[in-house]
Amino acid sequence: MKKALSFITLILFAVTAFAEPQLVSLSNKNGKTTVVFTLSSEDKDCNNGLGIDNIILKCNDQTYKAKHVDAKFGDTTTVVVKFKKIPQLENARLTFNVNGEEKYINIDKDLMN
C-alpha cells in the first residue's frame, strides 16, 4: 500500500511539473503591448484557487511591470496582460507567480513554434 501511495504521489508531482503556461498571442498595437497566455487546471491549488501575481516582461535588457491583468477562469484559464508599448520585443521572457510558484514563458521561443 505504501508503494502504491508513493507511486501516485510521484505521478501527481510529474503532472504538475509539466503543466507549463502556453503563449496564445502577442500584440504590440494601439499604444500598448498585450500578452495572452493560458494556464491549465493543474496550476490550481488544492482548494481549486488560482492566484497570479508579479507579472514582469523582460526584453532588450529592460524590465516592464504589468499595467493591467485580466483572467477568465475555467478548466483552462486565459490571462490577458497589458504593458506600456514596447518598441522592440527581442529576447522577451514573461515571468510571473502562480500560487506562489514562479513560472515563465520564453516568448521568442514560443512564437517560433
Student: With distance as the sole test, does Asp75 use its side chain to make a donor-acceptor pair with the main-chain N or O of Ser41 at under 3.5 Å?
Tutor: no
Student: What closest approach, in Å, do Asn97 and Glu102 show between heavy atoms, and which atom pair accounts for it?
Tutor: OD1-CA, 3.4 Å
Student: Given side chains that start at C-beta, do those of Ile56 and Leu94 come closer than 4.5 Å, heavy atoms only?
Tutor: no
Student: Check for a donor-acceptor pair, side chain of Asn106 on one end and backbone N or O of Arg93 on the other, with a separation under 3.5 Å.
Tutor: no
Student: side-chain hydrogen bond (donor to acceptor under 3.5 Å, both in side chains), that's the test. Do Asn28 and Thr33 meet it? Break it down for me.
Tutor: CA-CA 4 Å; Asn28 211 9; Thr33 298; 2.5 Å; yes
Student: Test of understanding: clusters of I, L, V, M, F, W, Y form through side-chain heavy atoms closer than 4.5 Å, transitively. Do Val69 and Leu26 belong to the same one?
Tutor: yes
Student: Give the C-alpha distance, both sets of side-chain angles, the deciding distance and a yes or no for side-chain contact (heavy atoms from CB on, under 4.5 Å) between Cys59 and Asn91.
Tutor: CA-CA 5 Å; Cys59 64; Asn91 301 317; 5.7 Å; no
Student: Hydrophobic cluster membership, with links at side-chain heavy-atom distances under 4.5 Å among I/L/V/M/F/W/Y: are Leu23 and Tyr64 in one?
Tutor: yes
Student: Shared ILVMFWY cluster between Val35 and Leu50, side chains joined below 4.5 angstrom?
Tutor: yes
Student: Quick check against the 3.5 Å criterion: does Gln22 have a side-chain atom that pairs as donor or acceptor with the backbone of Glu20?
Tutor: yes
Student: Check the pair Ile52 / Leu39 against side-chain contact (heavy atoms from CB on, under 4.5 Å), numbers first and verdict last.
Tutor: CA-CA 10 Å; Ile52 307 163; Leu39 298 168; 3.7 Å; yes
Student: Quick check: closest heavy atoms across Asn99 and Gly49, and the distance to 0.1 Å?
Tutor: ND2-O, 3.3 Å
Student: When rounded to the nearest 0.5 angstrom, what distance separates NZ in Lys32 from NZ in Lys84?
Tutor: 15.5 Å
Student: Between Lys82 and Asp70, does at least one N-O distance fall below 4.0 Å, as a salt bridge requires?
Tutor: no
Student: Distance check, rounded to the nearest 0.5 Å: Ile55 atom CD1 versus His68 atom NE2?
Tutor: 10.5 Å
Student: Are Phe73 and Phe37 connected in a single hydrophobic cluster, I mean Ile/Leu/Val/Met/Phe/Trp/Tyr linked by side-chain heavy atoms less than 4.5 Å apart?
Tutor: yes
Student: Kindly indicate whether the side chain of Phe96, heavy atoms from C-beta on, has any atom under 4.5 Å from the side chain of Val79.
Tutor: no
Student: Say you draw a straight line from CD1 of Ile107 to CD of Glu90; how long is it, rounded to the nearest 0.5 Å?
Tutor: 13.0 Å
Student: On a heavy-atom basis, which atom in Ala71 and which in Thr77 lie closest, and how many Å separate them?
Tutor: CB-CG2, 4.3 Å
Student: Taking atom CD of Gln88 and atom CD1 of Ile86, what is their separation to the nearest 0.5 Å?
Tutor: 11.5 Å
Student: Are Val80 and Leu57 co-members of a hydrophobic cluster defined by side-chain heavy atoms under 4.5 Å apart?
Tutor: no
